Amino acid sequence: VQLQASGGGLVQAGGSLRLSCAASGRTFSNYSMGWFRQAAGREREFVSAINKSGSSTYYADSVKGRSTISRDNAKNTVYLQMNSLKPEDTAVYYCARSRRSLFDYRGSSFYPNYDLWGQGTLVTVSS
């Protein structure tokens, strides 16, 4: 099973991007999924998470109100729509698969709880 992230790029402040993460394998709908990001010289931080069915989501305060996570289990894909982008959103964005059956904010925002990671996609926001 692999995760393939895409959709990053260079965008001006105030612009939008939609990141995608395609999963191989047949068990995608059995897992909650998350997005994390890592800026140069900084630790990896939580961005957003979505439960198996897509009915429940969490967001970091830094992106809340500007981002929307969604998933299409028929396409084995999770998305992160990011609007009103800021230079501080510049980072490599990673999608990941949760190892936990429980879906709560504390666990979803803790990156060791994810056991499979995509390769990352770079988002650069210019001022």
Side-chain angles (χ1 to χ4, degrees):
V1 178
Q2 291 184 327
L3 300 177
Q4 182 72 37
S6 61
L10 175 63
V11 63
Q12 289 188 333
S16 298
L17 282 174
R18 188 174 84 152
L19 307 183
S20 299
C21 176
S24 62
R26 300 182 178 180
T27 60
F28 177 74
S29 60
N30 291 344
Y31 298 93
S32 298
M33 299 293 294
W35 286 96
F36 288 75
R37 67 186 182 186
Q38 188 167 17
R42 301 188 67 175
E43 294 186 354
R44 191 166 299 192
E45 66 172 358
F46 171 73
V47 177
S48 184
I50 189 167
N51 69 343
K52 301 173 187 180
S53 66
S55 62
S56 183
T57 59
Y58 295 118
Y59 298 93
D61 287 343
S62 57
V63 303
K64 192 175 295 182
R66 301 188 295 120
S67 297
T68 302
I69 189 171
S70 61
R71 66 190 297 164
D72 185 338
N73 286 340
K75 296 182 178 180
N76 282 7
T77 303
V78 61
Y79 305 97
L80 183 67
Q81 175 70 43
M82 300 189 297
N83 303 320
S84 302
L85 283 161
K86 306 174 181 180
E88 50 263 45
D89 293 317
T90 295
V92 177
Y93 284 72
Y94 298 91
C95 59
R97 185 184 73 182
S98 175
R99 67 171 84 241
R100 302 171 77 240
S101 57
L102 177 65
F103 187 72
D104 62 336
Y105 182 86
R106 183 172 182 178
S108 297
S109 61
F110 188 51
Y111 75 84
N113 284 334
Y114 292 79
D115 63 356
L116 182 67
W117 293 80
Q119 86 288 1
T121 185
L122 176 63
V123 172
T124 304
V125 184
S126 63
S127 57

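By convention here, the first residue in the shown sequence is residue 1. The basis for the numbers below is simple: all heavy atoms, side chains too, and nothing from hydrogens, waters or symmetry mates. Everything numeric in this text was worked out from a predicted model, so none of it was measured.
The side-chain hydrogen bond (donor to acceptor under 3.5 Å, both in side chains) contacts involving residues 6-27 comprise Ser16-Asn83, where partners must be two or more places apart or lie in separate chains.
Within the 4.5 Å cutoff, the side chain of Thr121 has no heavy atoms near those of the Val92 side chain. The shortest distance between side-chain heavy atoms of Met82 and Val47 does not fall below 4.5 Å. The side-chain heavy atoms of Phe36 and Ser48, taken from C-beta on, include no pair separated by under 4.5 Å. Contact of the Val123 side chain with the Thr90 side chain is not registered, since no non-hydrogen atoms from C-beta on lie closer than 4.5 Å. In this structure, the side chains of Leu3 and Tyr94 stay at 4.5 Å or more apart for every pair of heavy atoms.
Here CZ of Phe110 is found 10.0 Å from CZ of Arg100. Values are rounded to the nearest 0.5 Å. Note: Lys52 NZ to Phe103 CZ = 11.0 Å, rounded to the nearest 0.5 Å. Between the CG atom of Asn76 and the CE atom of Met33 there is a distance of 9.5 Å, given to the nearest 0.5 Å. A distance of 8.5 Å separates OG in Ser56 from CD1 in Ile50, rounded to the nearest 0.5 Å. One finds the CZ atom of Arg71 at 4.0 Å from the CZ atom of Phe28 (value rounded to the nearest 0.5 Å).
In this structure, Tyr105 has its ring center closer than 6.0 angstrom to the ring center of Phe46.
Between the side chain of Gln38 and the backbone N or O of Glu45 there is no donor-acceptor pair closer than 3.5 Å. A distance-only check finds no donor-acceptor pair linking the side chain of Asn73 to the backbone of Ser29 [under 3.5 Å].
Smallest separation of non-hydrogen atoms from Arg66 and Leu85: NH1-CA, 3.8 Å.
Ser126 is linked by a side-chain hydrogen bond (donor to acceptor under 3.5 Å, both in side chains) to nothing, counting only residues two or more places apart in sequence or in another chain.
Taken together through direct or relayed side-chain contacts under 4.5 Å among Ile, Leu, Val, Met, Phe, Trp and Tyr, Tyr111 and Leu19 form parts of separate hydrophobic clusters.
Taking 4.0 Å as the cut-off between side-chain N and carboxylate O, Lys86 and Asp89 do not count as a salt-bridged pair.
Stacking of Arg106 on the aromatic ring of Tyr58 is not recorded, the 6.0 Å distance cut-off and the 45° axial limit not both being met.
With Cys95 as the fixed residue, the side chain to side chain contact (heavy atoms under 4.5 Å, CB included) test singles out one of Tyr79, Trp117, Tyr114, Trp35: Trp35.
No donor-acceptor contact under 3.5 angstrom links the side chains of Ser108 and Asp104, judged on distance only.
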(request) Determine, stepwise, if the pair Arg37 / Tyr93 fulfils side-chain hydrogen bond (donor to acceptor under 3.5 Å, both in side chains). (result) CA-CA 4 Å; Arg37 67 186 182 186; Tyr93 284 72; 2.9 Å; yes
